[in-house]
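Remarks on the structure that follows.
Numbering of ligands and ligand atoms starts at 1, following listing order.
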Amino acid sequence: MSELEFRNVSVRFGRGRHSFLAVDDVNLIVPPRSIVGLVGESGSGKSTLARAAVGLCEPVTGTILLDGDPISHARGARAAARQRVQMVFQDPYACLDPRRTVGQSLLEALETAARRRGERLCRNGSAAEVTRLLESVHLSASYAAVMPATLSGGQRQRVALARVLAAEPRVILADEVTSALDVSVQGSVLNLLKELAAELGFSVLFISHNLAVVRYLCDSVAVMKSGRLIEQGGVDQVLQNPREDYTRKLLAAVPRMGHALFATGGNENMSQPIPQGAP
Ligand SMILES: Nc1ncnc2c1ncn2[C@@H]1O[C@H](COP(=O)(O)OP(=O)(O)OP(=O)(O)O)[C@@H](O)[C@H]1O
């Protein structure tokens with residue numbers, strides 16, 4: 001159970017006259033065992049804030065803390081703490097090497113995580129660890145032999161999630177993780193994330209444009225506009241009774257808020273991998 005805190009975090013891109021603050025003095029807490037939604041129009045700085053927490057960009061000011069310990073600008077021992085914060089992206093292709101099988105990708109993630117903990121992965125146990133990771137995302141062990149190109153979008157996102165779980169994260173930053181998926185499988189991936197968060201006890205910063213999904217999944221929600229956090233609170237409070245006009249406009253842009261904008265079931269068959277060479 002861990003708490004991620006952004007304290008007065010600012011991220012600037014570019015230099016001199018052409019530089020601009022993509023994230024401007026943001027204070028946000030992702031409490032232990034909670035799912036916090038992060039919403040806002042495109043370009044408002046949501047991804048940049050999350051990327052700063054995993055070291056993909058460095059804040060110019062402010063601190064990012066995990067359980068009170070700074071993890072930004074981390075080196076050495078603190079880098080080990082930083083691996084406890086993991087990010088899952090919209091495009092799961094990005095983290096899967098197309099030339100490696102699913103099993104090889106998962107093994108690599110397990111080896112990296114072990115190395116960062118200063119341990120070595122036991123050769124005999126590694127196949128069992130790969131199977132355990134696959135089963136945790138409801139894929140059978142036979143997926144270890146499959147190449148990523150033959151997976152469906154939902155299966156690929158499950159493998160991306162399994163890779164992240166190899167690091168035994170305490171916080172997962174989920175950046176539009178279902179927006180590239182067919183609506184029929186979005187719900188099953190969201191439910192898996194929710195189930196894993198409850199079971200393994202990690203917290204989630206969930207970035208999404210889909211406010212119906214945010215309402216379904218999240219305990220609280222924070223709203224970003226032009227790099228600043230302008231409103232945050234319980235999900236019902238912010239989405240039903242927003243304080244800010246900007247939040248009201250975001251809500252107004254969702255035509256069917258209150259109706260299911262995604263399917264919660266999902267129709268993927270996870271028991272058997274798609275055969276190699278399948279279309
Ligand atoms: N590496 C970069 N270099 C320069 N500018 C960047 C970089 N990454 C992001 N930006 C800019 O920072 C601003 C915030 O981008 P960011 O991707 O964080 O927004 P976002 O709210 O996540 O948008 P979206 O919902 O479309 O993903 C945008 O103006 C974007 O163009």
Between the side chain of Tyr246 and the main-chain N/O of Met224, is any donor-acceptor distance below 3.5 Å?
yes
Heavy atoms under 4.0 Å from ligand 1: which residues qualify?
Phe13, Phe20, Ala22, Glu41, Ser42, Gly43, Ser44, Gly45, Lys46, Ser47, Thr48, His209
Atom CZ of Arg132: over 12 foreign heavy atoms under 6.0 Å
yes
Could you go through residues 196-208 and list every donor-acceptor pair under 3.5 Å that involves a side-chain atom there, pairing it with any protein atom two or more places apart or in another chain?
unit_1: Ser203; atom_1: OG; unit_2: Ser2; atom_2: O; d: 3.2
unit_1: Ser203; atom_1: OG; unit_2: Arg170; atom_2: O; d: 3.4
unit_1: Ser208; atom_1: OG; unit_2: Asn210; atom_2: N; d: 2.9

Just checking Lys194: does its NZ atom have more than 12 heavy atoms from other residues, nucleotides or ligands closer to it than 6.0 angstrom?
yes
Could you tell me whether Lys46 and Glu176 have a side-chain N and a carboxylate O separated by less than 4.0 Å?
no
Has Thr178 got a side-chain atom pairing as donor or acceptor with Leu181's backbone, closer than 3.5 angstrom?
no
